[in-house]
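Every number for a ligand or one of its atoms is a count from 1 in the order of the listing.
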Amino acid sequence: MQVQINESTLELAQGDITREDVDAIVNAANRSLLGGGGVDGAIHRAAGPELLAECRTLNGCETGGAKITRGYKLKARHVIHAVGPVYHDGKRDEPALLANAYRTCLELASQHACASIAFPAISTGVYGYPMEDAARIAFRVIVEYLEQHSEIKLVRYVLYDARAFAVHERVLEQVLSE
Ligand code: ADP
C-alpha cells in the first residue's frame with residue numbers, strides 16, 4: 001500500500017527492516033541504547049559491532065526521544081534509535097511519548113538530510129503497545145509531518161508479518177479518512 005502526501009510517499013511494506021535501502025532506518029531501542037532483542041538485536045547484528053561502539057558514546061536516551069548514529073554495515077547510512085514507551089494502561093502518557101518518538105525521528109531525518117526513512121512498529125513487540133492504537137498514533141504523526149515537510153520524500157513503514165501488515169493497512173485507511 002502506497003499513498004501520496006503532498007510531495008512525499010508513505011508506503012507500507014512487509015519484511016525485515018535491516019535490509020531496507022533507505023537513508024535511515026529507525027530502531028525500536030531501549031533507554032540504554034546498548035542493544036536488546038527484537039528489531040534492536042536484528043539491527044545490531046546486521047550493522048556489526050561498530051554500531052554498539054558508537055551507541056556507547058551516546059549515554060542512553062529518554063523515553064519518547066531518539067538519537068542518530070551511522071549505519072555501518074547496513075545499506076542505510078544512518079540508524080535512528082527511538083525509545084518508545086512500555087505500555088501499561090494507556091494512562092501513563094504512553095500516547096504522547098510514542099508520538100514524540102516518531103516526531104523526533106522525522107526531525108532527525110530532516111536535520112541529517114535523509115530523504116528516505118524506514119520505521120518499524122515501535123513499542124508493539126516486547127513493550128506491549130496494542131498494535132492498532134500504536135499504528136493510529138504513528139500514522140497521524142507521519143502524515144502531519146509529511147504535510148509540512150517536503151524534504152523527506154519517502155517514509156516506508158515496515159511490518160514484520162502479514163497480521164501486522166493487515167492491521168496497519170486498515171488503520172492507515174482510517175487515518176487518511178479522518
Ligand atoms: P519494542 O521493545 O519497542 O516493542 P520489538 O523489537 O520487541 O520493540 O518490536 C517492535 C516491532 O518490530 C514488533 O511489531 C516486531 O514484530 C517488529 N520486528 C521485529 N523484528 C523486526 C525486523 N527485523 N524488521 C521489522 N520489524 C521487526
Side-chain angles (χ1 to χ4, degrees), residues 1-2 10-48 51-52 55 58 60-69 71-90 92-106 108-109 114 116-142 154-172 175:
M1 180 179 183
Q2 197 172 305
L10 169 57
E11 188 173 272
L12 299 192
Q14 195 188 321
D16 176 358
I17 197 169
T18 65
R19 297 173 179 273
E20 286 294 325
D21 190 3
V22 287
D23 292 327
I25 65 170
V26 173
N27 181 15
N30 56 48
R31 283 187 302 167
S32 78
L33 299 184
L34 298 180
V39 74
D40 196 354
I43 288 173
H44 276 274
R45 278 193 299 279
L51 180 61
L52 182 58
C55 284
L58 299 177
C61 179
E62 75 283 9
T63 302
K67 292 190 177 179
I68 192 165
T69 64
Y72 299 99
K73 289 184 184 150
L74 296 168
K75 285 185 194 155
R77 188 155 48 87
H78 291 290
V79 178
I80 299 176
H81 305 264
V83 185
V86 175
Y87 189 86
H88 296 283
D89 54 7
R92 302 188 199 190
D93 225 19
E94 295 97 326
L97 291 166
L98 187 62
N100 208 59
Y102 276 97
R103 210 173 291 114
T104 306
C105 290
L106 292 162
L108 283 170
C114 299
S116 55
I117 179 172
F119 282 98
I122 299 169
S123 284
T124 66
V126 171
Y127 279 10
Y129 213 115
M131 190 168 275
E132 250 190 84
D133 297 342
R136 193 171 298 111
I137 290 164
F139 291 144
R140 281 181 181 152
V141 171
I142 292 167
L154 172 68
V155 174
R156 188 173 286 142
Y157 202 92
V158 182
L159 289 321
Y160 207 38
D161 57 52
R163 190 190 68 85
F165 185 88
V167 169
H168 282 77
E169 207 169 32
R170 185 160 44 78
V171 172
L172 180 55
V175 168

With rounding to the nearest 0.5 angstrom, report the NZ to CZ distance, Lys75 to Arg19.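 Spacing of NZ (Lys75) from CZ (Arg19) equals 7.5 Å.
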
Over 60° means perpendicular and under 30° means parallel, so classify the ring planes of Phe139 and His168, tilted if in between.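 Ring orientation of His168 relative to Phe139: perpendicular.
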
Heteroatom proximity flag, [X] to ligand 1, N/O under 3.5 Å:
| X | value |
| --- | --- |
| Val39 | yes |
| Leu159 | no |
| Tyr127 | yes |
| Asp161 | no |
| Val126 | yes |
| Asp16 | yes |
| Gly37 | no |

Could you find the nearest protein heavy atom to [atom] and give me its residue, atom name and distance?
| atom | value |
| --- | --- |
| atom 24 (N) of ligand 1 | Ile17 N, 3.0 Å |
| atom 4 (O) of ligand 1 | Gly125 N, 2.8 Å |
| atom 13 (C) of ligand 1 | Thr124 OG1, 3.4 Å |
| atom 8 (O) of ligand 1 | Ala28 CB, 3.7 Å |
| atom 17 (C) of ligand 1 | Tyr160 CB, 4.1 Å |
| atom 3 (O) of ligand 1 | Ser123 N, 2.9 Å |

Is any side-chain heavy atom of Glu62 closer than 4.5 Å to a side-chain heavy atom of Val83?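 Answer no - side chains too far apart.
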
Check whether any side-chain heavy atom of Tyr87 lies under 4.5 Å from a side-chain heavy atom of Ser123, and answer yes or no.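 In short, these two side chains do not touch, never coming nearer than 4.5 Å.
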
Have a look at His78 and tell me which of Asp23, Leu108, Ile68, Thr69 forms a side chain to side chain contact (heavy atoms under 4.5 Å, CB included) with it.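 It is Ile68; the other options fail the test.
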
Please say which of Ile117, Val158, Leu74 ends up in a side chain to side chain contact (heavy atoms under 4.5 Å, CB included) with Ile25.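 One option only clears the test, and that one is Leu74.
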
Is it true that, when you exclude Arg31 itself, more than 12 heavy atoms of the residues, nucleotides or ligands shown sit nearer than 6.0 Å to its CZ?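 Not buried by this count: 12 neighbours or fewer within 6.0 Å.
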
Considering all heavy atoms, the nearest Tyr157-Ala121 contact: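 Result for this residue pair: OH-CA, 3.5 Å.
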
Backbone of [Y] reached by a side-chain donor or acceptor of [X] within 3.5 Å:
| X | Y | answer |
| --- | --- | --- |
| Glu94 | His88 | yes |
| Asp93 | Ala96 | no |
| Tyr102 | Ile122 | yes |

For atom 15 (C) of ligand 1, is the nearest protein heavy atom under 4.0 Å away?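 Under 4.0 Å from atom 15 (C) of ligand 1, zero protein heavy atoms found.
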
Closer than 4.0 angstrom: is that true for some heavy atom of Gly84 and an atom of ligand 1?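 Judged by the 4.0 Å heavy-atom criterion, Gly84 does not count as contacting ligand 1.
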
Any heavy atom of Gly15 closer to ligand 1 than 4.0 angstrom?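 A heavy atom of Gly15 does come that close to ligand 1.
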
If you count the atoms of ligand 1 from 1 in the order shown, which ones are under 4.0 Å from a heavy atom of Gly38?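 It comes down to these atoms of ligand 1: 6 (O).
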
Could you pull out, from Pro120, Pro85, Gly128, Ala121, the option with a heavy atom nearest to atom 10 (C) of ligand 1?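 Heavy atom nearest to atom 10 (C) of ligand 1 belongs to Ala121.
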
